[in-house]
Protein chains: 2
Amino acid sequence: MSANSRLTIAAHALAWIGLYQRQGHEVATSEQIATSVNTNPVVIRRLLGELRRAGLVESRRGVGAGWSLARELESMTLLDVYEAVEPGPLFAMHRTTPDQGCVVGHGIQPAMQGIYEGIEETVRHELARVTLENVLQDVLEAPR
Amino acid sequence: MSANSRLTIAAHALAWIGLYQRQGHEVATSEQIATSVNTNPVVIRRLLGELRRAGLVESRRGVGAGWSLARELESMTLLDVYEAVEPGPLFAMHRTTPDQGCVVGHGIQPAMQGIYEGIEETVRHELARVTLENVLQDVLEAPR
DNA sequence: GCAGTCGTAACAGTGAAGGTTGCAACAGCC
DNA sequence: GGCTGTTGCAACCTTCACTGTTACGACTGC
């Protein structure tokens with residue numbers, strides 16, 4: 001499966017901003033976050049833009065500009081982040097519609113849809129159990 | 001997310017072969033399955049090749065060649081199919097390693113890895129609960 | 001007005017998956 | 001032995017989403 005790193009990068013950025021703010025700083029720049037993630041600042045700005053639309057972060061412009069959290073890390077779950085950055089479903093249907101004249105071709109999509117929805121619901125439930133505060137604590141506990 | 005239809009197509013093919021065999025036929029051809037799926041026979045052969053390596057189907061060559069189930073649909077779960085056709089994880093890490101000199105860059109991967117492993121385990125558990133026989137029954141119950 | 005940073009468009013690079021063509025290998029049948 | 005239908009598989013193109021990069025306008029505090 002062509003797996004996606006968007007959730008990972010978003011969690012990284014949020015944890016970074018959260019820690020930076022706890023160290024007394026007002027805002028973090030996309031440049032700083034990009035250095036930690038090891039990528040281009042524009043990639044970070046794009047991703048944080050999606051998180052801003054979801055109400056998770058805020059941005060300031062002008063001199064002394066940058067990004068700050070819109071809520072406490074405790075009140076943000078991985079599900080919030082997931083919904084902000086991953087629009088599509090975990091499993092996809094056929095790219096071309098199957099033969100509707102065939103019994104299987106006709107019934108397979110509703111059948112799989114029902115199964116997939118149940119699984120996605122379970123995944124959402126798991127993601128909702130983890131807050132970004134949990135993530136930051138796990139990060140800080142990593143052995144060096 | 002760039003979602004994947006491989007699991008869907010594999011389930012479609014297996015349900016088709018199972019139903020066809022119940023109608024008294026010995027083997028199904030990739031051509032027939034491709035018609036129902038609405039794609040190219042080579043795509044089906046590639047996918048069924050992976051299922052054969054996993055011991056789910058068998059193939060015959062020569063005249064009267066084609067594909068047949070290696071086991072009953074009752075004893076095949078979506079997890080078996082998933083493991084046969086989806087090698088990678090559901091969520092990926094960074095594509096370039098993050099800055100190991102940064103606390104967050106250093107700890108984020110083990111932190112997310114732990115979380116993701118738990119979620120994948122849950123998904124596997126859900127997939128293992130559904131047999132291909134369940135899928136076929138759902139398919140046949142679809143309103144027309 | 002200057003400087004620093006965001007906001008966003010435009011485009012190239014990358015990688016996975018699907019689609020297509022072609023052909024050798026195989027096995028039953030005449 | 002030759003014919004036929006099908007798998008097995010390699011090679012290549014297309015498509016698509018995402019990432020990476022450059023460029024530049026917009027904004028804001030000094």
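It should be emphasised that the depicted structure is a prediction, and the values quoted were computed from it without experimental measurement. Each chain gets a letter, A, B and so on, in the order the sequences are listed, and its residues count up from 1.
- Contacts with DNA chain C (heavy atom under 4.0 Å) in residues 50-66 of chain A: A/R52, A/S59, A/R60, A/R61, A/G62, A/V63, A/A65, A/G66, listed by number.
- The side chain of A/V43 lies closest to D/dT19 when the candidates are D/dT7, C/dT20, D/dT19.
- Nucleotide C/dA17 holds its P atom 13 Å from the CD1 atom of B/I9, rounded to whole Å.
- Of all heavy-atom pairs between A/R60 and A/G64, the closest is NH1-O, 4.0 Å.
- Rounding to whole angstrom units, CD1 of residue B/I44 and P of D/dT7 are separated by 11 Å.
- A heavy atom lying under 4.0 Å from DNA chain D marks the following residues of residues 29-40 of chain A, by number: A/T39, A/N40.
- In this structure, CZ of B/R6 is placed 18 Å from P of C/dG15, rounded to the nearest angstrom.
- For the pair A/I44/A/W67, no side-chain contact is recorded, criterion being any heavy-atom separation below 4.5 Å from C-beta on.
- Taking side-chain N and O atoms only, B/R45 has a distance below 4.0 Å to OP1 or OP2 of D/dT7.
- A distance of 13.0 Å separates CE of B/M76 from CG of B/N134, quoted to the nearest 0.5 Å.
- Residues of residues 14-27 of chain A that place a heavy atom closer than 4.0 Å to DNA chain D do not occur.
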Report the C-alpha separation of B/H94 and A/T8 in whole Å, then their side-chain angles, then the decisive distance to 0.1 Å, and conclude whether the side-chain hydrogen bond (donor to acceptor under 3.5 Å, both in side chains) test is met. CA-CA 7 Å; B/H94 311 60; A/T8 306; 5.7 Å; no
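- Take the nearest nucleotide of DNA chain D for B/G49 and for B/T96: the residue whose nucleotide is more 5' is B/G49.
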Please walk me through it: do A/T77 and A/Y82 pass side-chain hydrogen bond (donor to acceptor under 3.5 Å, both in side chains)? CA-CA 9 Å; A/T77 71; A/Y82 177 77; over 6 Å; no
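- When the C1' atom of C/dG7 is taken as reference, atom CZ of A/R46 falls 12 Å away, rounded to whole Å.
- In this structure, the side chains of B/L73 and B/T131 stay at 4.5 Å or more apart for every pair of heavy atoms.
- Between A/M93 and A/Y116 there is a side-chain heavy-atom pair separated by less than 4.5 Å.
- Closest non-hydrogen pair, A/V81 versus A/A10, comes out as CG1-CB, 3.5 Å.
- Taken to the nearest 0.5 Å, the OG atom of B/S59 stands 10.5 Å off from the CZ atom of B/R45.
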Give the intermediate values and the outcome of salt bridge (Lys or Arg N to Asp or Glu O under 4.0 Å) for residues A/E133 and A/R22. CA-CA 12 Å; A/E133 177 65 26; A/R22 284 187 198 179; 2.5 Å; yes
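- Contact annotation: B/S5 reaches the phosphate of C/dG18 (side-chain N/O to OP1 or OP2, under 4.0 Å).
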Checking B/R129 against B/E126 for the salt bridge (Lys or Arg N to Asp or Glu O under 4.0 Å) test, could you report, in this order, the C-alpha distance in whole Å, the side-chain angles of both residues, the deciding distance, and whether it holds? CA-CA 5 Å; B/R129 289 177 48 207; B/E126 291 289 306; 3.4 Å; yes
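- Nearest nucleotide to the side chain of B/W67, out of C/dT20, D/dG20, D/dT7: D/dT7.
- Contact between the side-chain N/O atoms of B/N4 and the OP1/OP2 oxygens of C/dA17 is found at a separation under 4.0 Å.
- Residue contacts shown for B/R95 are limited to sugar-phosphate atoms, with no base heavy atom under 4.0 Å away.
- Although no hydrogens or angles enter the test, the distance criterion places no donor-acceptor pair under 3.5 Å between the side chain of B/E120 and the main chain of B/E117.
- Look at NE2 on B/H94: it is 14 Å from C1' on D/dT19, rounded to the nearest Å.
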